*Asks:* 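Below you will find the structure I want to go over with you.
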2 protein chains.
Amino acid sequence: MAAPTRRQPTILTVAEHAGVSRMTVSRVLSGGKNVRPELVERVHASVAALGYRRNEQARSLRPGQRSGLIGMAITNVANPYYGEFVLGADEVVSGSGRGLLIGSTSEDEDKERLLIADFIGRQVEGLIVVPTGARRHLLPAALGGVPLVLASRAVAGVRADTVLVADVQASYDQVSALIAAGHRRIGFLGTMTSVFTGQRRYEGFRLAHEDAGLELDEDLVLVGQQDVESAKAAMESLLAREDPPTAVFCANNRNAIGAVRALLGTSRRKRGARPTALVSFDNFELADVLGIPVTIIDHDARDLGRQAASMLIARLDGADEGLPQTVELPTRTLDYGGTQI
Amino acid sequence: MAAPTRRQPTILTVAEHAGVSRMTVSRVLSGGKNVRPELVERVHASVAALGYRRNEQARSLRPGQRSGLIGMAITNVANPYYGEFVLGADEVVSGSGRGLLIGSTSEDEDKERLLIADFIGRQVEGLIVVPTGARRHLLPAALGGVPLVLASRAVAGVRADTVLVADVQASYDQVSALIAAGHRRIGFLGTMTSVFTGQRRYEGFRLAHEDAGLELDEDLVLVGQQDVESAKAAMESLLAREDPPTAVFCANNRNAIGAVRALLGTSRRKRGARPTALVSFDNFELADVLGIPVTIIDHDARDLGRQAASMLIARLDGADEGLPQTVELPTRTLDYGGTQI
DNA sequence: CTGAAAGCGCTTACAG
DNA sequence: CTGAAAGCGCTTACAG
């Protein structure tokens, strides 16, 4: 038998059942201050008997009340990464007594715009967005004063609290380490150049060359790979060159896994006497047991979610009323022999 | 400068700006039927000028209106799995014009109860739950008629639409294949025995032995491993036996990855002349390149999310008013030499 | 085609 | 300590 959609009891139902006014019920529900203990008792009994649950939508309609909702727009790359990100944000959001309304943009600017409009219509108190890059619907005028935190990526011209990973610094450090270890021809496998993190990681790559006085060979830079298959093909094309790179920097783990697959599918003779060293921005499971020298630039996606949510909650609770801030989360290096030559 | 939290325009603000009544604005907002074209024009102009956005909370307060919210409670195992699950559900839910309210229970029954109470207070139209196993707060009386879909796991005594993976059948098939290939001592690495999927996968394991007339050695059954570290330790203890198993069935990918790590960390001499064959329930990346014979029982977590959401939406839209249904999603086998001996 | 009235479920003053 | 009145932003009849 399908569950009957019977009418939910309201505050009036409870009031009548308990023989008091709606106000008394309301008072009991919000703590029971200034109510005779006997009535508190009676109201609680009625609430239990009727299975009453306060309608939060009606409650939040009153001025000064908050919806208790945070809108979160993520990009849904084919990457387990964002699951962790959501969980971290949820920790903080639910800890503040609020709920997380979530939607995916699939890197589509129109979807992002519609999703944010929908969130605002639903009276979210704040927004956490992994932005596609479009600017207009993130401007204060479009948001109608709803606080915004950007995560993973910044958007030029949008002044908002932002949590980033130390993309440039970490990439710079690891590429510099490769150069210091003697590598002179270093490949780059990256995502679409329009992606903020991709640009930043390439910037670190480029700066490391510049500061070492090493000329960067643009022929070894392959971008636009968004999945493992295309990354594998890109790596194979690098390996097939007359003078292949001795190390490859992978700007995300999709590219790193593609690179690993290409290396494992290429005979040792073909890929040279020495193994090609890899650096992967983003961790991936089993990286340490592949027998391929790889250095991982790791960061905690869950912590990214926590930080973004914390910044937002601080704004909502008035704990932070200063200028928009940008926080860069540090990375951690896991070395499985990647910088050797 | 922090974004000013100015008062949002209401339908009345728009009405005054356009020089019409609130009703006319309301009509225009809901399609513009029976309104003079000129007024439709004027209202749209005012909406744009004021940046007005309809308050969905107020709208849904009216009887007969729906909140447009679906509550989703997941368990947040340390597994990328659930990110995919959420994304699949979101596809369907947002496709129906609704939004996904999400929370994590961390396998905690109390958190689940509170989360569901919160969802109901927020007037969700329906619930998708990966249940911890507690029964009471999932009964129709507790839900007040809000439709429920269980995902991944069933709960004894709770009659609700349920989407499962074909745990028993797939496990049975793969263990039977191991036995047919000549394996006589097969290990089992599993999660907590309280977990529904763990029980089901063990049941398939047991039935395969029974039907083959092969006695199951309880000593080779190790359960309770919830992460890679403990799984690795469990596998090591299996390998250290005098008469180690020739194959091991892993009830989820955490256990499989632990097993892989144990095998790769054990010298070939110690682990015998032939490699230990593995079966993993759940896929994991790079399984095919490890040089370890492994058979994967794969299923699409995103599809699980889609199915759960579809069943719920069908109930909400009245497309399905029959008895609660249970759907078992099929699995796919990826064979990287796991059944060989 | 248009609007004044009533009410969804709740809470904030205000009055006792 | 308790309650009648008013109103949050919207939409559903009802009347013109």
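Everything numeric here is computed off the predicted structure, so don't read it as measured data. The analysis underlying the following values was restricted to heavy atoms, covering all of them including side chains, and did not include hydrogens, waters or symmetry mates. Letters A, B, ... are given to chains in the order of the sequence lines, protein chains preceding strands, and every chain is numbered from 1.
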*Asks:* Within this structure, what is the CG-to-C1' distance between A:Leu39 and D:dC1, rounded to whole angstrom?
*Replies:* 9 Å
*Asks:* When you measure from the side-chain N and O atoms of B:Ser26 to the phosphate of D:dT11, is any distance below 4.0 Å, counting only OP1 and OP2?
*Replies:* yes
*Asks:* Using atom CZ of B:Arg122 as one end and atom P of C:dC10 as the other, report the distance to the nearest whole Å.
*Replies:* 15 Å
*Asks:* Would you classify B:Asn34 as touching base, sugar-phosphate or nothing, given that sugar-phosphate means primed atoms plus P, OP1 and OP2, and contacts are heavy atoms under 4.0 Å?
*Replies:* base
*Asks:* What distance do B:Asp110 atom CG and B:His137 atom NE2 have between them, rounded to the nearest 0.5 Å?
*Replies:* 8.5 Å
*Asks:* Locate the shortest heavy-atom distance separating B:Leu115 from B:Thr105; write the atom from each residue and the value.
*Replies:* CD2-CG2, 4.1 Å
*Asks:* Determine: side-chain N/O of A:Arg59 to OP1/OP2 of C:dT11, distance under 4.0 Å, yes or no.
*Replies:* yes
*Asks:* On DNA chain C, does the nearest nucleotide to A:Arg53 precede the nearest nucleotide to B:Val20 from the 5' side, or the other way round? Give the residue.
*Replies:* B:Val20
*Asks:* Counting only side-chain nitrogens and oxygens, does B:Gln123 get under 4.0 Å of the OP1 or OP2 atom of C:dG9?
*Replies:* no
*Asks:* For the pair made of CZ in B:Arg66 and C1' in C:dC8, what is the distance, rounded to whole Å?
*Replies:* 16 Å
*Asks:* Quick one: does any side-chain atom of B:Arg122 pair with a main-chain N or O of A:Gly68 as donor and acceptor, under 3.5 Å?
*Replies:* yes
*Asks:* Nearest whole Å is fine: how far is D:dC1 P from A:Arg42 CZ?
*Replies:* 15 Å
*Asks:* Which part of the nucleic acid, if any, lies within contact of B:Glu56, taking any heavy atom under 4.0 Å across all strands shown: a base, the sugar-phosphate backbone alone, or nothing?
*Replies:* nothing
*Asks:* Side chain of B:Arg27, base of C:dG3: donor and acceptor closer than 3.5 Å?
*Replies:* yes
*Asks:* Looking for any heavy atom pair under 4.0 Å, which part of the strands does B:Arg62 touch: base, sugar-phosphate only, or nothing?
*Replies:* base
*Asks:* Atom CG of A:Asp90 and atom CZ of A:Phe85: how far apart are they, to the nearest 0.5 Å?
*Replies:* 12.0 Å
*Asks:* Starting at CG of B:Leu12 and ending at P of D:dT11, how long is that distance when rounded to a whole Å?
*Replies:* 13 Å
*Asks:* Could you tell me the separation between the CD1 atom of A:Ile11 and the C1' atom of C:dC10, rounded to a whole number of Å?
*Replies:* 6 Å
*Asks:* Between C:dC10, C:dG9, D:dT11, which one does the side chain of A:Arg54 approach most closely?
*Replies:* C:dC10
*Asks:* Report the distance from atom CE of A:Met23 to atom P of C:dT12, rounded to the nearest whole Å.
*Replies:* 8 Å
*Asks:* Figure out the CD/C1' separation between A:Gln65 and C:dA13, and round it to whole Å.
*Replies:* 14 Å
*Asks:* Only pairs with both distances under 3.5 Å count, Watson-Crick or wobble alike; so what is the partner of D:dC1 in this structure?
*Replies:* C:dG16
*Asks:* Are B:Lys111 and B:Glu109 close enough for a salt bridge, meaning some N to O gap below 4.0 Å?
*Replies:* no
*Asks:* Any side-chain N or O of B:Arg36 below 4.0 angstrom from OP1/OP2 of C:dC1?
*Replies:* no
*Asks:* Would you say D:dG3 has OP1 or OP2 under 4.0 Å from some side-chain N or O of A:Thr24?
*Replies:* yes
